[in-house]
Amino acid sequence: MRLDRITDVPHSLRLDEFRRLEITLDEFERSFPQSFVAVYIGQLPRNLRPAELGFWLLNHGAFNTPQVTKRNDFGIAIVIDFSAGHCSLVVGYAIERL
């Protein structure tokens, strides 16, 4: 599954918010070039927690980052369940201990 760094399924972000978030993610990746942050905003099924989706995305997803060669082991997934108001931050295996 291929996703953009910012996936906003319910289109909850205004254009200026989306662009500011892109700039923030770019700045993060300049500071930590081996890593990336992906943000997923959507409405999850009741039986799926944001942490579970984040874990699945880091294990099975491919994210469009400025450098496509980055490994998901160094990824950070932020999953926001827009309708339930829940959020989770999941990190890849390589940065888990940090």
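Because only heavy atoms are used, hydrogens play no part in the values below, and waters and symmetry mates are left out as well, while side chains stay in. Quantities reported herein were computed from a predicted structural model and do not represent experimental measurements.
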Not counting sequence neighbours, list each pair that qualifies as a salt bridge (charged side-chain N to carboxylate O under 4.0 Å, His left out) and has a residue in residues 79-98. none
Heavy-atom closest contact (Glu29 atom, Phe36 atom, distance):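 Glu29 and Phe36 have their closest heavy atoms at OE2-CB, 3.5 Å.
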Mind listing the closest non-hydrogen atom pair of Ser35 and Ile95 along with its distance? OG-CG2, 4.5 Å
Asn72 vs Tyr93 side-chain heavy atoms within contact, under 4.5 Å: no
Hey, are the side chains of Glu17 and Leu21 touching, using non-hydrogen atoms and a 4.5 Å cut-off? no
Which residues satisfy the side-chain hydrogen bond (donor to acceptor under 3.5 Å, both in side chains) test with Ser12, sequence neighbours excluded?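 Ser12: side-chain hydrogen bond (donor to acceptor under 3.5 Å, both in side chains) contacts with Asp8.
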Using residues 48-59 as the side-chain source, report each donor-acceptor pair under 3.5 Å to any protein atom, sequence neighbours left out, with the distance given to one decimal.
| residue | atom | partner | partner atom | Å |
| --- | --- | --- | --- | --- |
| Glu52 | OE1 | Arg49 | N | 2.9 |
| Asn59 | ND2 | Phe55 | O | 2.8 |

Just list the side-chain donor-acceptor pairs under 3.5 Å for residues 84-91, sequence neighbours left out, or say none.
none

Please identify each residue that fulfils salt bridge (charged side-chain N to carboxylate O under 4.0 Å, His left out) with Arg20, with sequence neighbours left out.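 Result, salt bridge (charged side-chain N to carboxylate O under 4.0 Å, His left out) vs Arg20: Asp16.
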Give, for atom CD1 of Ile80 and atom OH of Tyr40, the distance between the pair rounded to the nearest 0.5 Å. 11.5 Å
Drop me the distance from Ser83's OG to Ile41's CD1, to the nearest 0.5 angstrom.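 Between Ser83 OG and Ile41 CD1, I get 12.5 Å after rounding to 0.5 Å.
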Filter on ring pair (Phe, Tyr, Trp, His ring centres under 6.0 Å), then keep only pairs touching residues 9-28, sequence neighbours left out; what's left? Phe28-Phe32
